[in-house]
Amino acid sequence: MLWGGKMINIIKNTIKKELELFLFNTYNQEIEITVEKPKNQKMGDISIPVFSAVKVLRKPLPQVVETISEQIKNSEYYNYFDKINSVSGFINITLNKGIFAKSIIKEVQQTKNFGESNLGEGKTIVMDYSSPNIAKPFSVGHLRSTVIGHAIGNILEKLNYEVVRVNHLGDFGTQFGKIIYAYLNHGDKDKVEENPIEELMKLYVDFHERAKEDPSIEDEARKIFKELEQGNPKYVKLWEHFREVSLEEYMKVYEILDVKFNSYNGEAFYNDKMKAVVDELIEKNLLVKDEGAMIVSLSDNLPPALIQKSDGSTLYITRDLAALFYRKNTYDFDEVLYVVGNEQKLHFTQLREVVKTMGYDYYEDIHHINFGLVLQDGKKMATRKGKIVRLMDVLQEAKKLSLNYINEKNPTLENKEEIAEKVGVSAIVFNDLKNYRANDIEFNLSDMVNFVGQTGPYLQYTSVRITSIIEENVIDKENLDYKLYTSDASFELIKTIDEYPEILIKAKEEYSPSILAKYLLTLASYFNTYYAQEKVMVEDLIERNTKLFLISIVRDILDDGMKLLGMQVIKKM
RNA sequence: GACUCGGUAGCUCAGCUGGAUAGAGCAACGGCCUUCUAAGCCGUCGGUCGGGGGUUCGAAUCCCUUCCGAGUCGCCA
């Protein structure tokens, strides 16, 4: 990991400051010194390129190397260093493994909730994620927003942020005009009762087919939506019903994923809060009529934001503005995160700009946590054409394959079904989180349910292996032999343990669960190497205890990290 | 056409605030279960970092240009 661990960063920053101060005092020159991790571990643990100093000081390279190397000996952390050598302009420091390992293990011992931070103390972050569109099946596309949002929320809480999780249901808009139109004109009420989501989806697809033949029905749909917005009781009743049956279906998914929200206020919730937004825009002289619609002009070559349609009904951004103001007033957030796909980038840029134009400073706290599309055959999945992959189908498939694995690898396992679901679902979740969120992903079932290599099951399996070694053993944290932590395999583990707190902070800064996901893979991989090299349950009690303690730390981090990612932690598999 | 994001090994991706021989996993091939779960471990094979310029002691990383892919671009969300 490039950013290093907590302990090693303290050492690196200290060296940096010490050297910069020394150079300033000696040569009266401000020289930036970079202290980094060598690419190759054989070169040491800390590396200092001296090229920048050579350039500024205009002295021969060997002389600069000599001067800086000598100065390093005066470092506060000199007793941590085993050796200092130089190779072609780099000064490399190798740490004393025993001292370094001990300081890290002590740190872990003294920390109750390892990895937490006071970064978020007293700060509130509102998160808008999952947000499926009512009357459509929960697709693999919705999964991304759900698991990315869930994971980021968990990481924020670990860093002591107050997190408000909002499921901003797509329960309003012209699409409901379409569905209601289709339902009233071509719908089979019995079929819809029987299998609401599927039938409503079919009606929606059917509507677009018909609209190709007869575009006038689009106007019909818009008219119905406008009346719905104004409270036509017949339409409102239908809409309420559709919303209810959809939510029921979604709750099943959320239960499987173990995802919970503080609020399910969707777009419709803001129906009566938009007039205030429009009024404020008028008052601030920002709203202008253009081609019949009401728009806000934006700078920076941005297309204008459409606030109101020609017929007076509202649009997406109008509802998002109302939602934003409501959230600011209700939660007084420090940041608001919208976990929404790449394709809405322009929308959120416009949203920010409108807020800025209205004179609110907190436009800077609005973050679009964009993620890549789930593509099919290289193209965006089109709901309107009914091309959709249902998440439930994928989860079922994952569970089935997971069960096959269990029957093959561990046929006597108890609660096979339960474990199979936990492994299968976690595999899907991890697969969605392991890569940088903004990358598009091609839908590929066999990738999603892969259980070998850099996968969710690999992490679970590693944790399970550790659990099975520890079993009923009681670990005495005070009775450790730190010398045993200096073997290559142990030391790699310890250096990686040291990185956990920094990784979580990095994941927050980038709003990127993949940073944590990749880290857990690295940690698991080092453990499995360790496992192959060293026997834990040895005769010598101190050695056994020392090793048990190390692997228990690894297990705790793995389990903690998996929970943060929204995966299931298991004891056996 | 404009704007945004992407192009790194056969495949999926890390690395991108410039540093030393470009890293993983999968696939392929070869080893390792009478030592704690082999969903694992070890090894081999595999790359002109899309192409071309530039800046620099040093470029996958920064700048310019070009090609390719995806997405978006006023009355959908």
Side-chain angles (χ1 to χ4, degrees), chain A residues 1-2 34 36 38-40 43 47 49 51-52 54-55 61 87-90 92 131 133 170 172-175 177-178 218 221-222 225 267 290-295 301-311 313-317 319-320 340-347 349 370 372-373 375 378-380 383-384 402 405-406 408-410 413 423 427 431 434-436 438-442 444 447 450-462 464-471 514-515 518 521-522 524-525 527-538 547 551 572-573:
Chain A
M1 295 284 152
L2 209 70
T34 51
E36 50 198 39
K39 267 231 147 75
N40 191 330
M43 293 165 173
S47 151
F51 306 103
S52 55
V54 169
K55 203 172 170 185
L61 194 138
V87 187
S88 55
F90 294 88
N92 295 324
S131 314
N133 289 329
F172 224 51
T174 310
Q175 52 172 332
K178 293 176 183 176
E218 297 263 9
R222 274 193 277 270
F225 172 61
E267 293 184 64
D290 193 87
E291 296 172 32
M294 301 301 275
I295 64 165
N301 305 322
L302 279 175
L306 263 89
I307 303 294
Q308 223 173 50
K309 294 194 251 183
S310 312
D311 67 4
S313 67
T314 60
L315 285 152
Y316 185 38
I317 197 164
R319 273 166 251 141
D320 255 356
V340 180
N342 275 339
E343 74 272 30
Q344 290 189 30
K345 196 153 196 172
L346 179 60
H347 167 75
T349 309
N370 59 314
L373 273 55
L375 304 175
K379 301 277 181 194
K380 187 180 171 182
T383 316
R384 290 179 182 194
S402 165
Y405 257 89
I406 293 170
E408 184 191 328
K409 308 274 182 190
N410 195 356
L413 185 68
V423 172
N431 177 69
K434 73 176 175 186
N435 291 330
Y436 179 60
N439 296 344
D440 288 345
I441 46 179
E442 175 73 25
N444 183 330
D447 275 358
N450 181 22
F451 297 157
V452 176
Q454 298 172 331
T455 64
Y458 178 75
L459 297 180
Q460 289 172 317
Y461 178 73
T462 307
V464 163
R465 276 182 132 182
I466 299 174
T467 298
S468 100
I469 299 172
I470 295 176
E471 276 184 338
S514 67
I515 289 173
K518 301 267 191 208
L521 287 174
T522 305
S525 169
F527 171 76
N528 284 315
T529 300
Y530 175 88
Y531 181 91
Q533 285 180 14
E534 301 198 20
K535 186 168 162 62
V536 174
M537 296 304 290
V538 291
K547 288 179 166 179
I551 68 171
K572 283 184 179 171
M573 67 189 277

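To find a chain, count down the sequence lines: A is the first, B the second, and so on, and within it residues start at 1. Being a predicted model, the structure only gives us computed values, none of them experimental.
Residue-to-nucleotide contacts include a donor-acceptor pair under 3.5 Å from the side chain of A:S310 to the base of B:C75.
Listed nucleotides B:U12, B:A39, B:C41 differ in distance to A:N435; the shortest reach to its side chain belongs to B:U12. The side chain of A:N410 approaches B:U37 more closely than any other nucleotide in the set B:A38, B:U37, B:G71. Among B:A39, B:C57, B:U37, the nucleotide with an atom closest to any side-chain atom of A:K55 is B:C57. When the nucleotides B:A39, B:G74, B:C41 are ranked by their closest atom to the side chain of A:N528, B:C41 comes out on top. Distance from the side chain of A:T529 is smallest to B:C42 among B:C42, B:U37, B:G40. Comparing atom distances between the A:P49 side chain and each of B:C76, B:G19, B:U37 picks out B:G19 as nearest. Residue A:A293 has its side chain nearest to B:C75 when only B:C75, B:U35, B:G71 are considered. Between B:C76, B:C36, B:A77, one nucleotide has an atom nearer to the side chain of A:N133 than all others, and that is B:A77. Side-chain atoms of A:Q454 lie closest to B:G25 of the nucleotides B:A77, B:C41, B:G25.
B:G18 is unpaired under the criterion used here, namely a Watson-Crick or G-U wobble arrangement in which both key atom distances are under 3.5 Å. Figure legend. B:G1 is base-paired to B:C73; pairs are counted as Watson-Crick or G-U wobble with both atom distances under 3.5 Å. The partner of B:G6 is B:C68, by the rule that a Watson-Crick or G-U pair needs both atom distances under 3.5 Å. With a 3.5 Å ceiling on both atom-pair distances, the Watson-Crick or G-U wobble partner of B:C41 is B:G31. B:G58 makes up no base pair with any nucleotide shown, lacking Watson-Crick or G-U wobble contacts both under 3.5 Å.
Contact check, A:K409 against B:A39: a side-chain N or O comes under 4.0 Å of OP1 or OP2.
Across all strands, A:Y436 comes closer than 4.0 Å only to sugar-phosphate atoms, never to a base (heavy-atom distances). If you check every strand for non-hydrogen atoms under 4.0 Å, A:G173 touches sugar and phosphate atoms only. Across all strands shown, A:I295 has heavy atoms under 4.0 Å from base atoms, whether or not it also approaches the sugar-phosphate. Heavy atoms of A:D290 sit under 4.0 angstrom from at least one base atom. Residue contacts shown for A:E534 include a base, since a base heavy atom lies under 4.0 Å away. Backbone-only engagement by A:E267 is indicated by non-hydrogen atom pairs under 4.0 Å involving sugar-phosphate atoms exclusively. Counting non-hydrogen atoms under 4.0 angstrom, A:K345 reaches the backbone sugars and phosphates but no base. Residue A:N342 is out of contact with every strand shown, counting any heavy-atom pair closer than 4.0 Å.
The interatomic distance linking A:L521 (CG) with B:A39 (C1') rounds to 14 Å, in whole Å. Atom NZ of A:K572 and atom C1' of B:U37 are 11 Å apart (whole Å). We find that CG of A:N439 is positioned 11 Å from C1' of B:G7, with the value rounded to whole Å.
Partners of A:V452 according to the side chain to side chain contact (heavy atoms under 4.5 Å, CB included) rule, which considers only residues two or more places apart in sequence or in another chain, are A:Y405, A:N450.
Base orientation of B:G74: syn, since the glycosidic angle falls within 90° of 0.
Ring geometry for A:H347 versus A:Y316: interplanar angle under 30°, hence parallel rather than tilted (30 to 60°).
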Distances for protein N/O vs nucleotides 20-23 of chain B N/O pairs under 3.5 angstrom?
residue : atom : partner : partner atom : Å
B:A20   : OP2  : A:K39   : NZ           : 3.1
B:A20   : N6   : A:S47   : OG           : 2.7
B:A20   : N6   : A:N92   : OD1          : 2.9
B:A20   : N1   : A:N92   : OD1          : 3.4
B:A20   : N1   : A:N92   : ND2          : 3.1
B:U21   : O4   : A:N40   : ND2          : 3.0

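For A:F51 and B:G19, the ring-to-base geometry satisfies the stacking test (centroid distance below 5.5 Å, interplanar angle below 30°).
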